[in-house]
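Below you'll find the structure, written out as structure tokens, and then a few comments.
What you see is a predicted model; the values in this text were computed from it and never measured. Both backbone and side-chain heavy atoms feed into the values below; hydrogens, waters and symmetry mates do not.
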Amino acid sequence: MNVSLNIATDPRPIPEGASIYSRKVARSGHISYEGRPYFISKNLAGQYIRFMVIEGRLIVDAAIPLHKEYPLC
């Protein structure tokens, strides 16, 4: 499934000619693009990541959102 991101709401600049995609990272830590698996990280399993394809390169741009809260007792 190809899911294009809305680059209008993303503050990061996108190089001209780049194609932007989103994929869910499998439990094995891989994503698939054009039928080929690419290992990303098992730590991102289940998360959606963004990547771009430009000039024959696949570039992964992943951030792990983290929110923790501890009682201060």
Side-chain angles (χ1 to χ4, degrees):
M1 177 174 142
N2 291 340
V3 179
S4 296
L5 297 180
N6 184 351
I7 61 172
T9 60
D10 194 329
R12 294 170 283 190
I14 305 299
E16 188 174 322
S19 298
I20 308 299
Y21 301 93
S22 177
R23 293 284 192 284
K24 187 174 183 178
V25 179
R27 287 186 294 186
S28 65
H30 290 82
I31 62 166
S32 178
Y33 176 72
E34 292 189 346
R36 289 191 62 194
Y38 294 90
F39 180 75
I40 305 304
S41 171
K42 280 190 169 185
N43 290 331
L44 292 173
Q47 302 293 316
Y48 282 89
I49 63 160
R50 161 185 129 141
F51 66 94
M52 71 177 84
V53 176
I54 185 168
E55 298 175 358
R57 297 178 298 157
L58 186 147
I59 302 168
V60 176
D61 182 8
I64 302 171
L66 179 64
H67 175 85
K68 288 187 174 185
E69 190 171 320
Y70 297 99
L72 298 175
C73 301

Is Tyr33 linked to Ile40 within one hydrophobic cluster, defined over Ile, Leu, Val, Met, Phe, Trp and Tyr using a side-chain heavy-atom separation of less than 4.5 Å?
-> yes
What closest approach, in Å, do Val25 and Leu44 show between heavy atoms, and which atom pair accounts for it?
-> CB-O, 3.3 Å
Of all heavy-atom pairs between Lys42 and Arg27, which one has the smallest distance, and what is that distance?
-> CG-O, 4.1 Å
Whether Arg23 side chain and Ser32 backbone form a donor-acceptor pair below 3.5 Å | yes
Below 4.5 Å, heavy atoms only, C-beta onward: do Phe51 and Tyr38 meet side chain to side chain?
-> no
Looking at Ala45 and Ala26, what are the two nearest heavy atoms and their distance?
-> CB-O, 3.5 Å
From Met52 atom CE to Ser19 atom OG, the distance as rounded to the nearest 0.5 Å | 10.5 Å
Minimum-distance pair of heavy atoms, taken over all atoms of Pro37 and His30 = CB-CD2, 4.0 Å
Residues Phe39 and Ser28: closest non-hydrogen pair is CE1-O, 3.4 Å
